[in-house]
Amino acid sequence: MSQEILVLCPFGLDAGLLSKAAELLPGRVRAFVPAREQAEAALYGANIIHTLNCGEIVDEAALADLLAEKLKLWGSSIVLAPATIRMRNLMPMLAWKLDAGLTADCTALEMAGSDLVQTRPAFGNSLMASIRSLSRIQMATVRPGLFRPAARPNPKAEIIPESCHIREQRLRHVAFQPFSQGKPLSQAGIIVAGGMGVGSKEGFRKLSVLAEKLGAGLAASRSAVDAGFAPYRCQVGMTGVTVCPRLYIAVGISGAVQHLAGMSGSEKIVAINSDPKAPIFGYADYGIVGDWETVIDQLLKEELS
Amino acid sequence: MNNILVCVKAVPATTSVQVDGQYRLKREGASLQWNIADESALEAALSLKDKDGTVTVVTMGPPKLEAPLQDLLARGCDRVVLITDRLMAGADTRATAGALRAAAKRLGPADLILCGRRAIDGETGQVPGELASALGIPCVSNVEKLEWEKDRLLLHRRLETGVEVLSARGPLVVSVCEYAYSLRLPGILSMRRARGKTVERYSAADLGLTAEQCGLKGSLTKVTAMESKFPGLRNGPKETDPAKGIQALRAMLREVQP
Ligand SMILES: Cc1cc2nc3c(=O)[nH]c(=O)nc-3n(C[C@H](O)[C@H](O)[C@H](O)COP(=O)(O)OP(=O)(O)OC[C@H]3O[C@@H](n4cnc5c(N)ncnc54)[C@H](O)[C@@H]3O)c2cc1C
């Protein structure tokens, strides 16, 4: 039976994931994206593009119902979505309806015959599991921003507009309060992370000024969050978010395994710590032994000049 | 009146885990604790329940969870249910959701079902959505605050870029963030009320589930390989002269900045 991958991005395209799908099954990729991202979907390798044209969708369960119906017509054998908070809610609902096995937050995908081999970390990154689906439809969510987008222009992509009529609103949107810091940590290219060594809220304010200047995300260790230096959404590690930026700058962080669990996948790691024996240095590509504030002040000064 | 069902999971209390020949987490040796986000869901339920409401707790796991379940009665939960059966070992999220659905059906209608947003061992966060779909009700994930607004619930949901506030009408499933609520201690009054109450036990047969619907057999995903992967040592150079260190850091920043 011929295989097809459906890449579901109803809330926003993940170009890297689409590129990955096009690499796994060239020429057999279907994408479901907001109408405004039609051109981008064609650029990154989709052959059939369903463009969704409708207002804000609040109820992911209702969208899952709609997609389950559509999938019966499309017959896609593999369904992938970025592991964003909303898609990690929608995909399990869809998987149940399709009687499909679902793997969460994969960090690698590979075809073995007609099987999709899904690799994901478990238990705070200390185990890597390879998983296969036993169902006809194989489904996975994939860590966002993990794969680099690779252009494969497809000017002949078939465009199919989709509308959605979600009648019953069991859920109503009331308000949205954006975080002051714009970029989600999971998608930041550079992250400045502070730990107990930073010592205070004022110290973190300095880090956040630097982060802003660098266009970086601000993160923290759990101890720093517990101490009230930074909000919980900044927490990286086993009980926080997992990140994989191109550069992770760990400032005054000792390098506990639970913290490493959330950032050891970073492309480059730089540690700034006054204790030359701090474990974090072992996991860093480059270390600066010294007082964090001296280093950060100097960096800020250079940024300003 | 409101009836709230809370689904909780016991997870190994350590960060070093072992797997058996079938790539299942070895749970026998490890001491267990309630998953941290599930404790948050429990407290949310206890603080949402009104005078005539009830909080029922359901978990799937080994018989030794009886004592920690009993402790939840002392913390103010009204009913505690243990789904336990050898047939259920090795369940993936789908088989787990199937068992929870069967238990939820048997326990009678709930106005609200609360779960933790993810467990620290498997970290999939998939059970709430699968359970909701199985019951034909919506699911809102990643919620850090819940409050009643007449007969509707106001949900504060943490997304990547901000907090979305939703108004919901039950029945629905809500998954709650870790640290959003901290579980209360046993109280004298609850302890008195808990006296005489026992843990209700369900087997697969009690829930009308066949061996094919449970555990490893009832799962639609299969772990085919597992390797332990401790973060690799990088042992990069260490610089003690801040000026030189900053220079090197600058160079790395230039490389990654657009
Ligand atoms: C179940 C469980 C889950 C956990 N989950 C997480 C998690 O998700 N994320 C997480 O981060 N932690 C987590 N932890 C906590 C973890 O074990 C550590 O306690 C925590 O990461 C330590 O944070 P830290 O490195 O900021 O603080 P510390 O370990 O106190 O380290 C502070 C560091 O700052 C350095 N320092 C001090 N002064 C200066 C200075 N002036 N200049 C430069 N450096 C300085 C010190 O040398 C030290 O290395 C968890 C723990 C448990 C038990």
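Chain naming here is simple, since letters A, B, ... match the order of the sequence lines and numbering starts at 1 in each. Heavy-atom basis, side chains included; hydrogens, waters and symmetry copies ignored.
- For B:Leu172, the part lying near chain A is the side chain, with the backbone staying farther off; criterion is any non-hydrogen pair under 4.5 Å.
- In this structure the side chain of B:Cys139 reaches within 4.5 angstrom of the side chain of A:Met93, judged on heavy atoms.
- Only the side chain of B:Asn142 comes within less than 4.5 Å of a heavy atom of chain A; its backbone N, CA, C and O stay farther away.
- Within the 4.5 angstrom heavy-atom criterion, no atom of B:Val127 approaches chain A.
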Legend entry - Derivation of the salt bridge (Lys or Arg N to Asp or Glu O under 4.0 Å) call for B:Glu160 and A:Arg233: CA-CA 9 Å; B:Glu160 285 90 349; A:Arg233 64 170 193 278; over 6 Å; no
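- Both the backbone and the side chain of A:Gln177 come within less than 4.5 Å of a heavy atom in chain B.
- Residue B:Ser175 does not touch chain A at all, counting heavy-atom pairs closer than 4.5 Å.
- The shortest distance between side-chain heavy atoms of A:Phe179 and B:Val163 falls below 4.5 Å.
- Summarising the local packing, CD of B:Gln247 is surrounded by 12 or fewer heavy atoms from other residues, nucleotides or ligands at distances under 6.0 Å.
- Residue B:Leu131: no heavy atom, backbone or side chain, is found under 4.5 Å from chain A.
- No side-chain heavy atom of A:Ile131 sits under 4.5 Å from any side-chain heavy atom of B:Thr224.
- Salt bridge absent: A:Arg143 and B:Glu123 never bring a charged side-chain N and a carboxylate O closer than 4.0 Å.
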